[in-house]
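Structure first, commentary second.
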Number of protein chains: 2
Amino acid sequence: MGIDGLRMTLVDVAREAGVSLATVDRVLNGRPGVRGPTVTRVKAAIEKLGYRPDPIASRLAHGGSFRFCFILPTGTNTFMTNLGDAVTEAASLIAGQRAFIDIRQTDVFDPDALATALEGIESHYHGVSVVALDHPRVRAAIDDLVGRGVAVATLVSDVPTSRRQWYVGIDHTAAGRTAGTLMGRFAGARSGPVGVIAGSLSLRDHVERQFGFGQVVGDEYPALRILPTRVGRDDRERTRVAAQAILAEHPDLVGIYNIGAGNQGIADALEEAGRTREVILIGHDLTVHTRRLLLLGVMDAIINQDPGHQARSAARLLLAHCTGEPIVAAQERIRIDIFLRDNLP
Amino acid sequence: MGIDGLRMTLVDVAREAGVSLATVDRVLNGRPGVRGPTVTRVKAAIEKLGYRPDPIASRLAHGGSFRFCFILPTGTNTFMTNLGDAVTEAASLIAGQRAFIDIRQTDVFDPDALATALEGIESHYHGVSVVALDHPRVRAAIDDLVGRGVAVATLVSDVPTSRRQWYVGIDHTAAGRTAGTLMGRFAGARSGPVGVIAGSLSLRDHVERQFGFGQVVGDEYPALRILPTRVGRDDRERTRVAAQAILAEHPDLVGIYNIGAGNQGIADALEEAGRTREVILIGHDLTVHTRRLLLLGVMDAIINQDPGHQARSAARLLLAHCTGEPIVAAQERIRIDIFLRDNLP
DNA sequence: CTGTTAGCGCATTCAC
DNA sequence: GTGAATGCGCTAACAG
């Protein structure tokens, strides 16, 4: 069940086909300047010998290096900080392959700033990965980049209608559905209102999560009544205020689904009200804070999108695109992780 | 925020240190034949120039290839079949790096057969990955391999007391705890008996899962009473029989935790009894079968250990060990996945 | 259109 | 102990 040991080289193929190294190289890399019949002969030789180019040698000979630019949101949001660290780590991971990553920051709530950042990507970059915002100017900027031959991978948050080659992130609707199912099942026989707090309703992923959550709870858990979504701007204070309002208005509150950041704010409100145990709290993204809240039993589940995986995946995709190496789809699929107290990494 | 662009080469270091290529190479790879002072000079030069060896060139020059042997269980268990496929895929993933994987099969329930297989590993192998069995003879065989300089990674199932370099797999106790928490929370206000079915109680991972499950349910969900574990040999028929017995004896059964394979057998029994909706079923490993059962609502949750991830991880670890490249710990940590209907990949 | 040639950065003989 | 030379398999200039 082995996989062949003795590798064929270009020289073998050239000899077999009765041509020179350069010619084989040309047909191999689809470069012009070879007559049809010759192409056929070479391809036949490749086939016959079962030749597989050696990516290592190729990479060495090619010499050049690749430069990628990652555009991440500014701000103190822990998840985004973790993502930044993860990108830095991914950078050192691919540095051995002579690929380099520059990181830039921009305000994620400002489409114009983001578009400007994208428009300003210098021509020496081979690829860009961006935590995007679904807005016409941003879409246009992405399409321009792709048009210029720059590979683009949206990260965490997508612009599906753009021409980006890949989206590296989770299906946010499914994530919302997952939260919905957990809420419904954890509620068990209880009935009553469920609060929802989002960071912003102009962020596509937050809207999608809200939608997915509503779908499941609305369809399958009639005992639960979803309250109008409140906005917390991913900020601890504002999120606390939103949670306080919900708690005050609904003494029979069953649970809260926090779509965005700011889980600590909700925990604060819950504690003030002395209702941490009775109210189910489900939120997103494993951070030092949410981990703590989960261990304390304040949060009941965390839906996670692994920032390390996402960063590595984006880096690998851009690199593979540049070197022409194959992509392992299964490896690049970002999971919707569910963390309970017991399966924390 | 870039990461340096212009790479230093051995030549640069040699010039800086006033020695030759060969000498630099010697100190770099810790080979003998260099005087102390010279070593110091070279190291200083390396430090000063911030030289980092180019793994690509190294790999090319070194020439040789690596051979690994994966020892997997025989049998028709879907998870193990998937694992086999995943190893084959991992093989093609590292083939570009001139590393090759041979797969061997052996009976996982027979320690002697497994030990014999391990003892028979030819000397041309640089690494071995094995779905192990915690048994003295197996441990001894693993220790022998390591003693001979062969790198060993246990896969899926560990032998913690052996000298293996890595264990690629999940913490099975934690997996059992996770199942316990899900069972407890899904049960909600219900109270009554919960059945447990294992594949075999001589498999360390099954015992650990059982232990973790018992811990959580026993400590935190007093309304649930765990029934004595039954054994199903990971076989559909025998597992069905076990489930039938449990169902017959306990009309008020709240749920079943299936530690091993054979979830279809339990589904069969549940359907015969017309109790698929009322009995919570939690099991392991996402396969075509368990996926279907989850979508049908027969299973309520699946605890998963990604076979693709495990196969790639083992392959990467062995390869990195051979080439001396660094290991990204976060990437190699195998998650305890929880799958609900909504977050299936 | 096709062939020849000179490296890419490092490991590894061999001389000195 | 140390240095010079050769080649890994491929790409990219050049010639022809």
Stepwise side-chain contact (heavy atoms from CB on, under 4.5 Å) test for A:L286 and A:N82: CA-CA 10 Å; A:L286 185 65; A:N82 290 347; over 6 Å; no
Taking ring-ring contact (aromatic ring centres under 6.0 Å, His included) as the test, write out the residues that go with B:H321, two or more places apart. B:W166
Using modelled atom types and a 3.5 Å cut-off, is there a donor and acceptor pairing between side-chain atoms of B:T74 and backbone atoms of B:Q105? no
Under the side-chain contact (heavy atoms from CB on, under 4.5 Å) rule, what do B:V168 and B:H309 come out as? Steps first, then yes or no, please. CA-CA 9 Å; B:V168 178; B:H309 190 184; over 6 Å; no
With the side chain counted from C-beta on, respond yes when B:I142 and B:R163 share a heavy-atom pair under 4.5 Å apart, and no when they do not. no
Any chance you could list the contact pattern along nucleotides 4-10 of chain D? Use B for base contacts, S for sugar-phosphate-only contacts and - for none, protein heavy atoms under 4.0 Å, 5' to 3'. B--BBBB
More than 12 heavy atoms of other residues, nucleotides or ligands under 6.0 Å from CD of A:E47: yes or no? no
For A:F66, which residues count as a ring-ring contact (aromatic ring centres under 6.0 Å, His included) partner, sequence neighbours excluded? A:H126
Between CG on residue A:L118 and CG on residue A:L145, distance to nearest 0.5 Å: 6.0 Å
Outermost nucleotides of DNA chain C that come under 4.0 Å of a non-hydrogen atom of chain A: C:dC1 to C:dG9
Within the side chain of B:N304, is there an N or O that forms a donor-acceptor pair under 3.5 Å with the backbone of B:D337? no
Of all residues at least two apart in sequence or in a different chain, which pass the side chain to side chain contact (heavy atoms under 4.5 Å, CB included) check with A:L93? A:R312, B:V328
Using Watson-Crick and G-U wobble pairs with both distances under 3.5 Å, what is the 5'-to-3' dot-bracket string of DNA chain D, with [ ] for crossing pairs and | for pairs outside the strand? ||||||||||||||||
